[in-house]
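A short write-up of the structure that comes next.
Residue numbers run from 1 in the order of the sequence given.
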Amino acid sequence: MRIVYVNGEYLPEDEAKVSIFDRGFLMADGVYEVTSVLDGKLIDFEGHAIRLSRSLNELAMRNPISKDDLLEVHRELVRLNEIDEGLIYLQVTRGSDGDRDFAFPDPETTEPTIVLFTQSKPGLADSPAAKKGAKIISIEDIRWGRRDIKTVQLLYPSMGKMMAKKAGCDDAWMVEDGFVTEGTSNNAYIVKGNKIVTRALSNDILHGITRAAVLRFAKEAQMEVEERNFTIDEAKAADEAFTTSASAFVMPVVEIDGVMLGDGTPGRIAPRLREIYLDEMRKAAV
């Protein structure tokens with residue numbers, strides 16, 4: 001049985017409880033982060049901690065834990081649950097003042113709720129899916145306008161995953177005003193020639209922690225990177241495509257809306273970036 005962390009306590013998962021009046025449950029009034037674990041160490045913890053603080057600040061939500069203490073909780077959960085490869089999910093909500101109201105409760109008298117739990121994922125780095133590549137569909141992006149805040153409002157991305165599954169595919173890319181924003185749980189990229197193209201940062205997409213690292217490594221490897229909007233038709237005509245996320249790292253895309261990219265297998269750039277990312281992040285893991 002997993003040991004989880006709830007509001008300062010390490011508990012067996014079947015003993016963990018939060019209030020039915022918690023605003024994360026009633027209003028999706030919360031934010032989250034997912035940090036990968038490889039070789040029993042945390043991947044890019046610093047980036048996730050910084051983004052967590054940003055998300056909380058954007059929602060005027062108090063951070064209930066210091067970065068040092070948060071690191072210790074992550075490490076203790078890895079130890080207690082004997083995680084070699086896997087994920088740590090973290091969620092902070094605005095908490096509960098004992099009832100339901102649209103207005104925020106007083107932050108001076110209402111403690112935020114903080115929850116963390118592990119997911120063991122043996123073989124996470126050596127994923128067969130990354131060798132095969134993903135098939136995706138395109139769907140309309142109808143989410144709210146602040147996708148840069150990593151909130152727990154994940155209903156539409158979940159619906160997008162299910163649309164893809166129904167179509168016999170692996171994931172969906174969302175399209176707004178004719179341009180790809182991002183995947184349901186990842187940032188999106190295309191490759192034409194030796195140029196990597198991805199949407200620039202704004203309120204329209206999540207500021208991916210893995211995205212930042214991969215683009216840095218790409219530039220260090222003398223790969224050309226262009227941050228701009230691109231269309232689904234442009235993506236279908238690309239030499240290759242891929243996504244990045246904390247849990248899948250760099251995932252090649254081999255088909256978009258039934259159109260095969262290249263010969264239908266992962267190209268040259270995405271697998272190389274995945275290799276570089278895993279090598280470098282393992283070296284820097286804490």
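Listed by chain and residue number, Ile83, Pro122 satisfy the side chain to side chain contact (heavy atoms under 4.5 Å, CB included) test with Ser120 (two or more places apart in sequence, or in another chain). Legend: residues meeting side-chain hydrogen bond (donor to acceptor under 3.5 Å, both in side chains) with Arg274, ordered by chain and number and at least two apart, are absent. Residues that satisfy the side chain to side chain contact (heavy atoms under 4.5 Å, CB included) test with Asp233, not counting sequence neighbours, are Thr231, Lys236. With sequence neighbours left out, the side chain to side chain contact (heavy atoms under 4.5 Å, CB included) criterion links Glu111 to Arg62. Legend: residues meeting side-chain hydrogen bond (donor to acceptor under 3.5 Å, both in side chains) with Asn186, ordered by chain and number and at least two apart, are Asp171. The side chain to side chain contact (heavy atoms under 4.5 Å, CB included) search around Ala188 returns Trp173, Val180, Phe230, not counting sequence neighbours. For the ring pair (Phe, Tyr, Trp, His ring centres under 6.0 Å) test, residues two or more places apart in sequence or in another chain that qualify with His74 are Phe45. Not a single side-chain hydrogen bond (donor to acceptor under 3.5 Å, both in side chains) links Ser96 to another residue, sequence neighbours left out. Legend: residues meeting side-chain hydrogen bond (donor to acceptor under 3.5 Å, both in side chains) with Gln91, ordered by chain and number and at least two apart, are Tyr89.
Within the 3.5 Å criterion, the main-chain N or O of Val197 finds no donor-acceptor partner in the side chain of Glu226. Remark: side-chain polar atoms of Arg75 are not paired, donor with acceptor, to backbone N or O of Lys41 under 3.5 angstrom. A side-chain donor-acceptor contact under 3.5 Å links Asn81 to the backbone of Ile3. Of the possible polar contacts, one joining the Arg94 side chain to the Ala60 backbone as a donor-acceptor pair under 3.5 Å is found. Of the possible donor and acceptor atoms, one in the side chain of Asn57 sits under 3.5 Å from a partner among the backbone N and O of Ser53. The backbone N or O of Arg228 sits nowhere less than 3.5 Å from a side-chain atom of Arg199 that would complete a donor-acceptor pair.
The pair Lys17-Glu9 does not meet the salt-bridge criterion, since no charged nitrogen lies less than 4.0 angstrom from a carboxylate oxygen.
Leu206 and Leu215 fall into different hydrophobic clusters, where Ile, Leu, Val, Met, Phe, Trp and Tyr residues are linked whenever their side-chain heavy atoms come under 4.5 Å apart, directly or through other members. Both Val92 and Tyr5 belong to a single network of hydrophobic side chains, linked directly or stepwise wherever heavy atoms of I, L, V, M, F, W or Y lie under 4.5 Å apart. Linking ILVMFWY residues whenever their side-chain heavy atoms come closer than 4.5 Å, directly or via other members, leaves Ile149 and Tyr32 in distinct clusters. When the side chains of ILVMFWY residues are joined at heavy-atom separations under 4.5 Å, either directly or via intervening members, Tyr10 and Val37 end up in a single hydrophobic cluster. Taken together through direct or relayed side-chain contacts under 4.5 Å among Ile, Leu, Val, Met, Phe, Trp and Tyr, Leu38 and Leu87 form part of one hydrophobic cluster.
Shown here is Phe117, whose CZ atom has more than 12 heavy atoms of other residues, nucleotides or ligands within 6.0 Å.
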Using a 3.5 Å cut-off and no angle test, enumerate the donor-acceptor pairs between side-chain atoms of residues 264-273 and protein atoms at least two apart in sequence or in another chain.
residue : atom : partner : partner atom : Å
Thr265  : OG1  : Asp263  : OD1          : 2.6
Thr265  : OG1  : Asp263  : OD2          : 3.4
Arg268  : NH2  : Asn194  : OD1          : 2.6
Arg272  : NH1  : Glu275  : OE1          : 2.8

Side-chain polar contacts of residues 278-286 - donor-acceptor pairs under 3.5 angstrom, sequence neighbours left out - could you list them?
residue : atom : partner : partner atom : Å
Glu280  : OE2  : Lys283  : NZ           : 3.4
Arg282  : NE   : Asp39   : OD2          : 2.9

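Screening residues 181-201 for ring pair (Phe, Tyr, Trp, His ring centres under 6.0 Å) gives Tyr189-Phe242 as the qualifying pairs, with residues at least two apart or on separate chains.
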